[in-house]
**Q** 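Provided herewith is a single structure, encoded as structure tokens, for subsequent inquiry.
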Amino acid sequence: MTESKDIDITGIKTDGKMNTPLTEDKERSFFSLMILAIKLARPYRKWVIFILVAMLIETAMSLLTPWPLKIIIDNVVGRHPLPGSLKWMDDFFPAESKFQLATVCAIVFVGIAAIGSVAGYIENFYNESVAQYVANDLRRKMYHHLQRLSLAYYDSHQTGKLLSTITADVSTIQDFASSTLLNILVDALTIIGMLGLMFYLNSGFTLVALGVTPFLLFFVARFKKAMKKATREVRKDQSNMFTVLQQGLESIRAVNAFGRQELEEDRLKKISQQTVDAALHARKVKSALPPFVAIVVSVCTALVLWRGADLVLTKAMTVGALTVFIWYMNRFFSPVQDLAKLTTTVAQATVALERIQAILETDTTIPQKIDAQDPGKLSGNIVFENVCFAYNQESPVLHNAKFAISCGQRIGICGPTGSGKSTVVSLIARFYDPTSGRILIDGKDISDMTLDALRGQIGFVLQDTVLFYGSIRDNIAYGRPGATEDEIIEAAQLANAHEFISKMPHGYDTLVGERGVTLSGGQKQRIGIARAVVRNSPILILDEPTASLDTESEKIVMEALEKLMIGRTVITIAHRLSTIRDADKIIVLENGSVAEEGTHEELMAKGQVYAELCNFQDWTNHSLRNTVN
């Protein structure tokens, strides 16, 4: 067992619709939990069979444990004749050699314990191995699913809660698979075996034990419901705490800049106290069960002792048989108590299952047709045909958007805030799908293309370039992982980044901090441009890449962008209209529709939306200069 395997644990058939995700409150039964455990363990069924054999041996040894003691009490000390099934031993151990029989019983007792211990070791070791691989499979399954969900899902879900589920809840399932499930199976087998032997020893006493079992099970069932509710609240508060911690640490620069450390600490204090209160309430519920079970068990044991003593005195039962029966009865109630105690763990695992499947059963993926094809190298002719889109039905963003972009054109998209500029480029890359209408590239509907092939034809340079913790080389090659060293350096040179990279202590091996915090804004943008260069995509989308830069950095970045735009279809989202004045065509959006399109000169001559935006920006810039002066 050296690697985990890809498995399907949901059995979900994607229909391409963006269904409402499950909530964390959707009830999951213990049966669902068992089905999940079986599906997760299916790729490792050979190891599971090995574990089950070891478990059966351990259970058998557990059932045999008191019998050497019974033989010593009844047949060595008590001088009773051996039972019929053991009469053959009289030939080896006559009455005058009973001490030899005691010696053999002692040796057998040790042998039983040794065999049971070895079986227990094998069972625990390999069960933990399977549990680790199962958890690995589950984490990979969830992360794979999360990577392929539509961005609409992330618009309404907090990252901290997702991280909590993929770590803490998966660990809970792992613990359930490695120990709890095993204990349940062992206890169930032990109970079945002991009932058979107890009926063999004394059916009346056995019925006493069985008589209280339904009441115990009823109480445990009621307890489980309360425990599950309490556990759900604990996990909810823990997820909220995880979110507060993640947001606070991710935004540590802003927190320090505004001096809001106390505010963030107060937020954590509040949610942490809620977590403590929920955990204490869960513990209060959990603590109520063991005393009740212990009292019931003690009453049953007392009845058996009282009645058993009478049977021994009347010679109706041997001391050894009573000893074995009491041992079995305690062992019978021990797994019953264990199962009652495991109710808490089962409740935790069930809640974890609810949260995990709330993610896995979310069907907001961007659907890819079965017959979707790789379009090959695209030229970059883009057509929007009556495209409509809404992030939610109450707030439409685009209304019958219709325009065409020719191969190699430089296009500017502008408009007031909320007019749908960013939505347009998100639809081109199929981060979202239109609610109606269609988008064509080179005359082909993008929904007929494979997602990887489509997105491989598009390069992005965003306003805030996202860099990952790692080397500069890795961050540039993120655009195309197979890029060679020469291609990476060439891309950096075209992006005007090679010079500053070469001056760094370790050159291209220099590590950048999380999100590139160790680099200036201009340096980050140039690495982002190098990433787009090495991708070598025919379609380039620029989302105001110089908006947050100073004048000197903007000049360097614009020079790099000019090199990058040669021979490509370029779409620039513009907030500062000066950046698109030289565009081949400017598309002006207003209230989700195309208000007008044309060159800068043509639109200024019309004197409509674009001209108003330009005049307003010119007036604003003029006022700011006067204020500064």
**Q** Give a yes or no answer on whether the side chain of Asn475 reaches the backbone of Phe468 with a donor-acceptor pair at less than 3.5 Å.
**A** yes
**Q** Is a donor from one side chain sitting under 3.5 angstrom from an acceptor on the other, for Thr450 and Asp452?
**A** no
**Q** Looking at side-chain heavy atoms only, is the closest gap between Thr510 and Ile501 below 4.5 Å?
**A** no
**Q** Of the non-hydrogen atoms in Gly528 and Val461, which two are nearest, and what is the gap between them?
**A** O-CG2, 4.3 Å
**Q** Considering only heavy atoms from C-beta outward, does the side chain of Gln373 approach that of Asp448 to under 4.5 Å?
**A** no
**Q** List the atom of Ala390, the atom of Thr435, and the distance in Å for their closest heavy-atom pair.
**A** N-CG2, 3.9 Å
**Q** With the side chain counted from C-beta on, respond yes when Phe500 and Ile527 share a heavy-atom pair under 4.5 Å apart, and no when they do not.
**A** yes
**Q** Is it the case that the side chain of Asn124 and the backbone of Gly120 share a donor-acceptor pair, with hydrogens and angles ignored and the cut-off at 3.5 Å?
**A** yes
**Q** Once you round to the nearest 0.5 Å, how far does NZ of Lys524 lie from CG of Leu519?
**A** 8.0 Å
**Q** Scan side-chain atoms only and decide if Thr423 and Tyr391 contain a donor-acceptor pair under the 3.5 Å cut-off.
**A** yes
**Q** What closest approach, in Å, do Leu427 and Pro434 show between heavy atoms, and which atom pair accounts for it?
**A** CD2-N, 3.9 Å
**Q** Give, for atom CG of Asp509 and atom CG of Asp474, the distance between the pair rounded to the nearest 0.5 Å.
**A** 8.5 Å
**Q** Between Glu233 and Ala278, is there a donor-acceptor pair closer than 3.5 Å when you use the side chain of the first and the backbone of the second?
**A** no
**Q** Just to verify, what does Phe50 make a ring pair (Phe, Tyr, Trp, His ring centres under 6.0 Å) with, not counting sequence neighbours?
**A** Tyr126
**Q** Counting only heavy atoms not in Lys377, do more than 12 fall under 6.0 Å of its NZ?
**A** yes
**Q** So, for Val397 and Gly420, which heavy atoms are closest and what is the spacing to 0.1 Å?
**A** CG1-CA, 3.9 Å
**Q** Look at the side chain of Arg526 and the backbone N and O of Ala495, then say whether any donor-acceptor pair between them is shorter than 3.5 Å.
**A** no
**Q** Show, in sequence, the C-alpha distance, side-chain angles and deciding distance for Arg455 and Ile458, and conclude whether the side chain to side chain contact (heavy atoms under 4.5 Å, CB included) test is met.
**A** CA-CA 5 Å; Arg455 292 172 183 171; Ile458 303 172; 5.5 Å; no
**Q** Main chain of Gly376, side chain of Gln457: is a donor-acceptor contact present, judged purely on distance under 3.5 Å?
**A** yes
**Q** Which atom pair, heavy atoms only, marks the closest approach of Ala119 to Ala54?
**A** CB-O, 3.5 Å
**Q** Would you mind reporting whether Ile571 and Ile382 have side-chain heavy atoms less than 4.5 Å apart?
**A** yes
**Q** In sequence, state the C-alpha distance, the side-chain angles, and the governing distance for Ile122 and Ile57, and then conclude on side chain to side chain contact (heavy atoms under 4.5 Å, CB included).
**A** CA-CA 11 Å; Ile122 293 173; Ile57 293 173; over 6 Å; no
**Q** Got a sec, which residues hit side-chain hydrogen bond (donor to acceptor under 3.5 Å, both in side chains) with Arg438, two or more places apart in sequence or on another chain?
**A** Glu385
**Q** As an exercise, state the distance from CG of Asn136 to CD of Gln132, rounded to the nearest 0.5 Å.
**A** 9.0 Å
**Q** Tell me which one of Arg473, Arg480, Arg531, Arg535 satisfies salt bridge (charged side-chain N to carboxylate O under 4.0 Å, His left out) with Glu487.
**A** Arg480
**Q** Check the pair Leu146, Ile166 against side chain to side chain contact (heavy atoms under 4.5 Å, CB included), reporting the backbone distance first and the verdict last.
**A** CA-CA 10 Å; Leu146 287 169; Ile166 207 171; 4.2 Å; yes
**Q** Mind listing the closest non-hydrogen atom pair of Leu398 and Ser419 along with its distance?
**A** CD2-O, 4.3 Å
**Q** Using ring pair (Phe, Tyr, Trp, His ring centres under 6.0 Å) as the criterion, list what pairs up with Tyr121, not counting sequence neighbours.
**A** none
**Q** Holding to salt bridge (charged side-chain N to carboxylate O under 4.0 Å, His left out), I want the full list of residues that pass it with Asp266, two or more places apart in sequence or in another chain.
**A** none
**Q** Which is it for Gln273 and Asp277 under the side chain to side chain donor-acceptor pair (under 3.5 Å) test, yes or no, and what are the steps along the way?
**A** CA-CA 6 Å; Gln273 186 59 49; Asp277 293 341; 3.0 Å; yes
**Q** Among Leu162, Val170, Asp137, exactly one meets side chain to side chain contact (heavy atoms under 4.5 Å, CB included) together with Met142. Which residue is that?
**A** Val170
**Q** Nearest 0.5 angstrom please: Lys269 NZ to Glu265 CD, how far?
**A** 10.0 Å
**Q** What pairs with Ser422 under side-chain hydrogen bond (donor to acceptor under 3.5 Å, both in side chains), at least two apart in sequence or on another chain?
**A** none
**Q** To the nearest 0.5 Å, what is the distance between NZ on Lys421 and CD1 on Ile573?
**A** 8.0 Å
**Q** Can you tell if the side chain of Val424 reaches within under 4.5 Å of the side chain of Phe389, non-hydrogen atoms only?
**A** no
**Q** Tell me, do Asp543 and Val425 make a side-chain contact under 4.5 Å, heavy atoms counted?
**A** no
**Q** Should Arg430 and Met449 count as side-chain neighbours, where that means a heavy-atom distance under 4.5 Å?
**A** no
**Q** Would you give the length of the straight line joining atom CD1 of Ile472 to atom CG of Leu511, rounded to the nearest 0.5 angstrom?
**A** 9.0 Å
**Q** Looking at residues at least two apart in the chain, or sitting in another chain, which of them share a ring pair (Phe, Tyr, Trp, His ring centres under 6.0 Å) with Phe460?
**A** Phe431
